[in-house]
Structures are given as structure tokens and as C-alpha cells.
Amino acid sequence: MKFKFIPIDYSPREINEKEYIQIIGRDGTGKKICLFHEYLPFFWLIVNEKKANSIKSQIEKIVVIESGQKIIPEKVEIHEKKFLEKKVKALKIYALNYSFMQEISKKVQLLKLGKVYGNDLGEITQYICETNFSPMNFYEITGEAINENPEFSGIDKEIELSLCVKIDSIKKCDDENFSPKFMAYDIETDEIQIGEGEILMISLVDSKGNKKVITWKSQNENKKPSFVDYVADEKELLKKFADEVRKFSPDFLIGYFSDRFDFPYIKSRAEKLKIKMNLGVDDSSMKFSRGQNPAGRINGVVHVDLAKFISTAYSQYMQSETLSLNEIAKEFLGEEKLKFEFKHSSKIAEDEWEKYFEYNLQDSVLTLKLFEKFWPDLLEFSRVINEPIFEISRNGMSKNVESYVIHHLKKYDEIPERKPEHHELAQRMEREKYEGAFVFEPTAGLYEDIAMFDFTSYWPSIIVTFNLSKSTLLEKKEKDATEIEIKDKKIYFSKKIGFFPDMLKELIEKRKEYKKELQKNPDAVKRARSNAFKLLANASYGYLGFFGARYYCPEASASATAISRKFIKKTIERINKEGYKVIYSDTDSIAFLKNEKTQEEVKELLKKINNKLPGIMELELEDFYTRGIWVTKRTGEIGAKKKYALINGKNKMKIRGFETVRRDWCKLARTTQNHILKLILEDGNEKRALVYVYEIIKNLKERKIEKKDLIIRTQLKKSISEYKSISPHVIAAKRMKELNIPVSNGSLIEYYIAETSEKTKLVRDKVKLLEEKGEYNLDYYLNQQLLPAVENIFQVFNIDVKEKIEGKKQKGLNEWIN
DNA sequence: GAAGTGGATATACC
DNA sequence: ACTGGTATATCCACTTC
């Protein structure tokens with residue numbers, strides 16, 4: 001039979017001692033299908049060229065006995081390959097299944113016949129590389145239905161899908177429209193610790209518009225809301241949940257923080273209640289891998305924890321200060337969670353339950369909508385990187401960069417580099433930091449008529465232009481090599497283009513291509529694709545210096561920064577020479593005074609500079625600004641770096657580094673600062689800003705400020721006991737623990753500073769939690785929050801706000817502003 | 001016990 | 001441990017006189 005197919009979920013599967021990859025996806029008509037593909041896992045052995053044949057016959061004779069099993073290589077082939085651009089002779093050694101392959105590779109390593117590669121790739125990654133049967137693309141499949149095939153002896157009956165096919169051949173074909181079936185879920189429980197309390201309810205919302213809450217609480221048929229399904233107890237709740245998921249059979253099951261909460265919670269309760277949660281299409285149960293990155297997996301249904309994906313793919317663009325569903329939904333959907341005051345279920349009154357159900361349902365509704373919003377991104381990440389959505393949604397950017405590289409090595413005939421071993425990791429982590437980018441020291445002041453340039457994709461463009469990578473790094477000077485000086489040492493890179501810079505170049509070109517198409521004809525998929533390319537390109541510089549990277553090359557990272565410093569400084573000089581005045585620069589951007597010249601002249605200068613830039617390096621105009629302000633550091637007269645505010649012709653502000661944008665400052669300080677920056681940038685003087693600050697200080701002193709504007713939020717970055725220095729937020733966290741409020745590594749701790757009777761110098765002794773009664777500490781909020789946030793802004797106008805406050809008593813507004 | 005300094009810590013910028 | 005280095009600022013911990 002022959003049909004079109006889009007692969008979504010992959011898993012290895014052994015049937016009658018034969019290794020298959022089970023692939024679940026949909027055909028052209030939207031029917032869910034399960035494919036089986038015979039597959040022999042393999043690894044590479046790079047050998048001494050002359051001994052290849054003899055080593056081959058040696059390997060063919062290997063027999064490993066492991067727990068009574070006889071393990072032998074299935075097949076050994078000799079190949080001409082490349083490793084880090086160098087030609088090598090390599091043996092490709094196949095085994096019956098993945099664990100056999102591991103055993104044989106161990107034995108081969110023991111025999112010291114050469115160096116082993118590729119055994120550290122995941123089986124699915126290797127399978128996709130080998131077959132080019134990539135996730136989320138359409139293929140034409142030929143194969144036979146397995147129900148008549150004795151080889152599979154009844155496997156198809158285990159699988160709930162109507163069609164199971166053994167693959168004969170795969171051919172790429174044109175993509176078709178694909179709308180996935182998906183379902184969002186969310187649970188409510190009595191305890192926050194995994195499995196400690198009962199699950200009270202589960203909400204389910206799917207892409208067909210069904211919405212429901214399953215619960216065993218508050219059984220009142222007369223007052224039952226239409227979306228609620230009652231069951232007898234928690235056990236029935238879990239069974240019903242499994243039934244509903246199986247019945248709907250989604251491609252994607254979506255949760256929010258579900259890898260850390262909902263999924264393990266359900267699994268743990270099911271184990272306690274001794275019920276099977278066989279959600280998998282093959283009747284398998286939920287699988288949960290603990291560890292640094294916990295992940296919940298269901299065979300044939302891709303479980304996605306959206307929170308994780310949003311944080312890796314979007315956090316750099318987000319306004320939200322936390323990843324909470326409420327904040328993220330507000331930012332991306334303009335919708336919020338419902339309000340509900342949490343109580344233990346035993347304390348919830350009969351008439352409050354409906355609210356709780358609605359609250360629970362809304363969480364799934366928001367999760368579903370967020371999935372729709374981010375679906376193009378998940379899809380394009382998967383297509384660009386060539387890894388399944390299950391992986392790309394959980395992996396960090398460094399892993400995604402690495403996956404991209406591994407999946408594109410084929411073109412270069414490269415054998416993949418190994419992951420660093422444990423001792424190597426330790427060694428790499430001890431490496432001294434190399435010198436980074438250049439930051440210009442500004443002079444504090446209010447400036448007018450500013451232009452800003454920045455280099456497009458600075459790091460990637462440097463890596464590509466100068467061919468920086470592990471495989472192009474030369475051991476010694478060669479003729480026609482690029483010489484780069486780092487810390488009085490010279491290092492060299494070949495000019496023969498390496499695969500890493502070449503891939504990066506392709507990424508940048510594709511990004512440009514899609515960005516252009518996007519501007520012509522915008523749609524969410526193109527935007528997502530362009531964004532995926534951009535994110536991968538941007539992360540590639542960090543990847544080179546990341547200790548966990550297969551293609552780790554700190555020399556390349558250090559060279560990239562050395563080159564970046566050289567070019568930004570040269571460009572600054574150039575701009576100054578043309579009669580402008582550079583006032584600030586950070587890494588890849590330059591702000592300068594236009595000095596009466598026209599915008600056209602600035603653009604001309606840009607062109608001239610670009611004509612001289614090598615390779616794919618490019619400078620672009622970021623914007624023109626009518627005004628900008630730079631302030632001094634808190635200590636001394638020196639201009640502060642990474643702290644400025646600009647306003648453009650459309651009165652749009654760009655604020656960087658100021659307390660306004662820092663979440664660990666109270667709202668009062670932040671909004672006040674934001675407002676005075678706005679007034680100053682709009683007016684070009686400090687008059688209105690002064691009046692405003694006067695009013696705020698007056699309110700503060702009269703204790704008119706609401707407590708919610710005085711909350712300080714600080715994140716707990718490790719567990720409480722690990723802190724060497726007990727700062728205010730650690731005290732607050734300790735107190736929360738005493739009060740049985742859940743706190744853990746990563747929690748955002750909220751507290752305020754209160755007036756206390758004790759005479760103490762330490763801020764931490766004045767910390768109070770929000771639920772603790774107390775008056776705000778006037779001195780603290782004035783001198784440690786409000787004034788620091790505004791002082792150095794007024795200092796630009798030679799106004800000492802503090803002196804003004806302390807100087808005269810009982811002054812009115814007129815005295816204040818004069 | 002006040003003053004000064006360095007370390008620990010959090011967060012932002014690019 | 002899960003991309004890099006540069007930078008500011010706060011508060012604690014400790015030393016010194």
C-alpha cells in the first residue's frame with residue numbers, strides 16, 4: 001500500500017528480537033497511523049588506514065556474552081569518511097538493537113582498536129539522520145499492513161490504531177496542510193508535593209472544542225455545571241482521565257509545568273491507587289523520567305510541557321517577569337487565570353466548588369490557547385532542527401544547536417564528535433574566562449538627536465566571516481591562515497570553510513530569505529521559521545564556549561570576541577572621524593550624536609561603512625532618537641554602562657538596565673523612575689519630573705502608598721540551606737517554610753520591609769511576608785528604594801534630591817522645585 | 001561599635 | 001549543568017581601629 005504520511009512521534013521497539021522504530025503520525029486524510037521500520041543501530045570506529053581490513057575481520061569475530069545472551073556485530077562496513085574535516089577510514093559497525101550496539105562498542109573500546117563514535121547519539125536521532133525520515137514533514141510511504149504478518153504476531157491488536165504498517169520505502173513529498181489534534185490538561189490537588197495529596201479534579205480541553213472538568217468532589221446532581229463530570233472517587237477520576245485521552249487520541253497532550261507537576265502527580269497517585277494509566281496507543285502506561293530535566297512521556301501521544309518551551313524559545317523577547325501561566329497568558333493572549341483563593345478541600349464550602357471547577361477549566365483553556373499560539377514555533381523548530389517536538393520542546397538552546405549540527409553533518413560526510421567525558425567536563429568548567437565584548441564608558445548627561453547603529457547577527461556573522469570553529473582551528477601557523485591575537489598569544493584558523501561556519505551561514509541566509517518572504521506576505525509559520533533560524537544562529541556563539549558542547553572550542557569564542565572588539569572600535573573611530581560623536585556602545589551597537597547632520601547623511605555613512613566590512617558582516621540603522629539619558633554609577637562620577645533611556649520621534653521609549661526594568665525592585669521605585677524618565681525625555685528638562693517626585697515622596701511620607709507597590713520580589717536561586725549569606729529574601733523564604741508555604745529552588749519570594757521596634761541595622765531583620773501585619777519602613781522605602789531610583793537621574797541636572805529633602809524642613813512645592 | 005571593604009547574590013545587557 | 005562574557009547594585013560578613 002501507498003499513502004502520504006507525517007511523522008510525529010518516534011520510539012524504538014523490539015518485536016520478536018528484531019529492532020524497529022515505531023513511528024506514529026497521520027496520513028493525508030488525517031487518520032492516525034502507526035508505522036514500523038526495521039532498523040539496525042550502529043556506531044563508528046575510526047581506525048588506522050592500513051589496518052582497516054584486519055580490524056574489520058577482528059571485529060566480525062567479536063562475541064560478547066551479557067546476561068546469558070550472545071551478542072555479535074550484525075554487519076561491519078569500511079567507509080571513507082571525514083572527522084573534523086580530516087579524511088579518515090572508519091568502520092561502521094551494526095548491531096541487532098541499541099543495547100547490543102552499546103555492548104559491542106564497549107568491547108571495541110576495551111580492545112583499543114581505534115576511537116568509537118556515534119554510540120552516544122540517541123537512537124531516534126541516529127535513525128532520523130540515517131533515514132532522513134524527519135519529523136513534521138510529509139512523505140510517501142509504501143509498505144504492508146501488518147495484521148497478516150506473522151512477524152508481528154498480534155502487535156496490531158495491542159495498538160489502538162486502525163492501521164499499522166511495516167515500511168518498505170520512504171520518499172519525501174510536498175508538504176500538505178496539517179492540523180494536529182491536541183488536548184490540554186490541568187489538575188488541582190490538596191498538596192503541592194508530588195503525590196502527597198489527592199487529585200480533586202482534572203480539566204480537559206481539546207482542539208475540537210470539548211471542555212470538561214472531571215471531579216469526585218461536591219457531588220450535587222441538581223447544581224452540576226454543564227461542563228462537570230462526576231465520578232465516584234479519585235480512582236475513578238484517573239480512569240476517566242485515561243479513557244478521555246484515549247478516546248480523543250490527541251497527537252499532543254499539553255500541560256503547563258506538567259513535567260514538574262501534573263504528569264508526575266497523576267502517575268504517582270495512580271501508583272498509590274494501583275491503577276494502570278495506559279494512555280499509550282500501544283496500551284503502555286505513562287513513563288516519567290526523573291533527573292535534572294524531568295519529562296513525562298506517553299507512547300504515541302506527544303506530551304508537551306509548554307512552560308519549558310516558552311522559556312527556551314521566547315524568554316528573551318518577553319515582558320513577563322515570571323513564567324507563570326497567568327503572566328504568560330496575559331502577555332500572549334490578553335487573558336488571565338480566574339481568581340480563586342486556595343484552601344484545603346476540607347475547608348471549601350459547598351457553594352465554592354463551582355468556582356474551583358471553573359478555575360481549573362480556565363487553566364486548561366489558557367494552556368490550549370497558548371499551544372495554538374506557539375504551535376507554529378514548535379512545528380518550525382522541529383522542522384529546522386530535525387528532531388521530534390517532544391525533544392525540541394524540552395531541550396535548551398545549546399542542545400538544539402547541537403541537534404541542528406548533527407542532523408546536517410551528512411552533507412559534509414562528517415562523523416559526529418563525541419560528547420565530552422566526565423573528566424573532560426570538569427576540566428572545561430575550570431577554564432578561565434576569556435575576554436568578552438567591548439562596552440563604551442558613557443559620560444552621564446541628557447543628549448539630543450541621537451542615531452543608533454548595530455551589527456546584524458554580530459556573533460554569527462563573525463564566526464562565518466572568519467571561519468571560526470573546532471575543525472578549522474589550526475594547531476600551528478599555516479600560510480594563508482587567519483591570525484588572531486588573544487592574550488599575547490596568536491592562534492590561527494584555516495580559510496578553507498568548515499562545516500560549522502558553513503551551516504551557520506546557511507542558517508543566516510535562510511533567515512534572511514524567510515524574513516523577506518515574511519515581509520511580503522506575513523503569516524505565523526514564516527514568522528516562526530525565521531525566528532527559529534535566528535535563535536539558533538544567536539545561540540551558536542555561546543555553544544562554542546559551552547563546556548557541554550561536542551564542538552566546544554573556546555579558542556573560537558575568544559577569537560569571536562577579539563574580532564568583535566576590533567570592529568566595534570574601528571567603527572566608533574570611523575563615525576567620530578565623520579564629524580559625529582559616539583556617546584555609547586555595547587558589544588554590537590553604537591549610539592552617536594547626529595550633530596546637525598541629516599538622516600540621509602547618516603544613512604550614507606552607513607553605506608560607506610558597510611562597503612568596507614568583510615564577509616557577511618553588516619551594520620544597520622537601529623533608529624533615530626530625539627533624546628537619551630545616561631547616568632552615573634551610584635558611586636562616583638563615572639558614567640554607568642548598560643543603563644540608559646531613549647525616546648524616538650514617535651515618543652516610544654527604550655529603557656535599558658534602569659531599576660524600572662528590574663523585577664527585584666518595588667513597584668513604587670520602578671514606576672516612579674519610569675515616569676520621570678518619560679517626563680524628562682519628552683520635555684528635555686527636569687521640571688515636571690521634580691514636581692512628580694515631590695508628590696510621590698509626600699505620599700510615601702504620609703503613608704499613603706499601598707503595600708502592593710512596596711513588595712520586593714527576589715528569586716531563590718538555590719535551596720535555603722545552601723546560602724552562605726543570609727539576605728532578606730532568604731529570611732523571607734525561611735519564614736515561609738515555617739508557615740508551611742511551599743518554597744523551593746526557583747521560587748519568587750515576595751516580602752516587604754517593615755518598621756520594627758528592635759534597633760537593628762540589618763535589612764533582613766525588618767523583612768515581613770505579605771500576610772504579616774506591619775507598617776512599611778518609611779526610611780527604607782525612601783532611602784533604599786525611591787531615592788536610589790531617581791537620584792542619579794536628577795544628578796544629570798545637578799540637582800541633589802536627597803539634599804533637597806534633608807536640607808529644609810516643611811518645604812512646600814515651590815521651595816522644592818526652586 | 002562605627003566605618004570600610006570584599007564576597008555573595010540577583011538581575012540586566014548584548 | 002544544560003549557551004557566552006560584561007556590568008550594576010544591594011546586603012551581608014568580616015576586619016580594623
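Every heavy atom of this structure was used, including side-chain atoms; hydrogens, water molecules and symmetry mates were not. The structure presented is a predicted model; accordingly, all values stated were derived computationally and were not measured.
- Using a 30° and 60° split on the angle between ring planes, A:Phe455 and A:Tyr458 fall in the parallel class, below 30°.
- Between the P atom of C:dT3 and the OH atom of A:Tyr552 lies a distance of 15 Å, rounded to the nearest Å.
- Looking at heavy-atom distances under 4.0 Å, A:Lys718 makes contact with sugar-phosphate atoms alone, never a base.
- For A:Arg634, a side-chain nitrogen or oxygen approaches OP1 or OP2 of C:dT10 to under 4.0 Å.
- Between A:Lys470 and A:Tyr552, the side chains place no donor N or O within less than 3.5 Å of an acceptor N or O (distance only, hydrogens not considered).
- Using a 3.5 Å distance cut-off with no hydrogens or angles, the side chains of A:Thr125 and A:Glu387 do pair a donor with an acceptor.
- For the pair A:Trp630 CH2 and C:dT8 C1', the interatomic distance rounds to 17 Å; values are reported in whole Å.
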Side-chain atoms of residues 616-623 of chain A: list all donor-acceptor pairs with protein atoms under 3.5 Å, sequence neighbours left out, distances to 0.1 Å.
{"unit_1": "A:Glu622", "atom_1": "OE1", "unit_2": "A:Tyr625", "atom_2": "OH", "d": "2.7"}
{"unit_1": "A:Glu622", "atom_1": "OE2", "unit_2": "A:Lys654", "atom_2": "NZ", "d": "2.9"}
{"unit_1": "A:Asp623", "atom_1": "OD2", "unit_2": "A:Asn648", "atom_2": "ND2", "d": "3.2"}

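- Rounded to an integer number of Å, the gap from CD of A:Gln673 to P of C:dT8 is 16 Å.
- Heavy atoms of A:Tyr780 sit under 4.0 angstrom from primed sugar atoms or phosphate atoms, though from no base atom.
- As judged by a 4.0 angstrom heavy-atom cut-off over every strand, A:Gly657 is placed among residues touching the sugar-phosphate backbone only.
- In this structure, A:Asp588 places its CG atom 15 Å from P of C:dT6, rounding to the nearest Å.
- Distance A:Lys766 NZ to C:dC12 C1': 13 Å, rounded to the nearest Å.
- A:Tyr458 comes within 4.0 angstrom of no nucleic acid atom, judged by non-hydrogen atoms across all strands.
- If you measure from atom CG of A:Asn538 to atom C1' of C:dG4, you get 12 Å, rounded to the nearest angstrom.
- A:Ala539 comes within contact range of at least one nucleobase, with a heavy-atom separation under 4.0 Å.
- Using a 4.0 Å heavy-atom distance criterion, A:Gly542 is classed as a base contact.
- Using a 4.0 Å heavy-atom distance criterion, A:Leu544 is classed as making no nucleic acid contact.
- As rounded to whole Å, 11 Å separates atom C1' of C:dT8 from atom CG of A:Asp664.
- For the P atom pair drawn from C:dA1 and B:dT9, the interatomic distance equals 16 Å after rounding to whole Å.
- Put simply, chain A comes within 4.0 Å of DNA chain B, heavy atom to any atom, from B:dA8 to B:dC14, going 5' to 3'.
- The side chain of A:Arg428 contributes no N or O atom lying less than 4.0 Å from OP1 or OP2 of C:dG4.
- Counting any heavy atom pair closer than 4.0 Å across all strands shown, A:Phe438 reaches no nucleic acid atom.
- Using cut-offs of 30° and 60° for the angle between ring planes, the A:Tyr584 and A:Trp630 rings count as tilted.
- Counting non-hydrogen atoms under 4.0 angstrom, A:Arg431 reaches the backbone sugars and phosphates but no base.
- A sub-4.0 Å separation between OP1 or OP2 of C:dC11 and a side-chain N or O of A:Gln784 is present.
- For A:Thr632 and A:Ser725, each mapped to the nucleotide of DNA chain C holding its nearest heavy atom, the one lying further toward the 5' end belongs to A:Thr632.
- Using a 4.0 Å heavy-atom cutoff across all strands shown, A:Arg662 reaches at least one base atom of the nucleic acid.
- Geometric assessment of A:Arg290 against the ring of A:Phe288 yields a negative cation-pi assignment under the 6.0 Å and 45° thresholds.
- If you take CE of A:Met397 and C1' of C:dG4, they are 14 Å apart, rounded to a whole angstrom.
- If you check every strand for non-hydrogen atoms under 4.0 Å, A:Lys433 touches a base.
- As judged by a 4.0 angstrom heavy-atom cut-off over every strand, A:Tyr584 is placed among residues making no nucleic acid contact.
- Using a 4.5 Å cut-off on side-chain heavy atoms (C-beta onward), A:Phe500 and A:Asn467 make no contact.
- Distances shown here put every side-chain N or O of A:Lys642 at or beyond 4.0 Å from the OP1 or OP2 atom of C:dT8.
- Both tests hold for A:Arg297 against A:Phe390: distance to the six-membered ring centre under 6.0 Å, angle to the ring axis within 45°.
- Residue contacts for A:Thr714: at a heavy-atom cut-off of 4.0 Å it reaches the sugar-phosphate backbone alone, with no base atom in range.
- A:Glu417 and A:Tyr117 form no side-chain donor-acceptor contact under 3.5 Å, judged by distance and modelled atom types alone.
- Among C:dC11, C:dA13, C:dA9, the nucleotide with an atom closest to any side-chain atom of A:Val763 is C:dC11.
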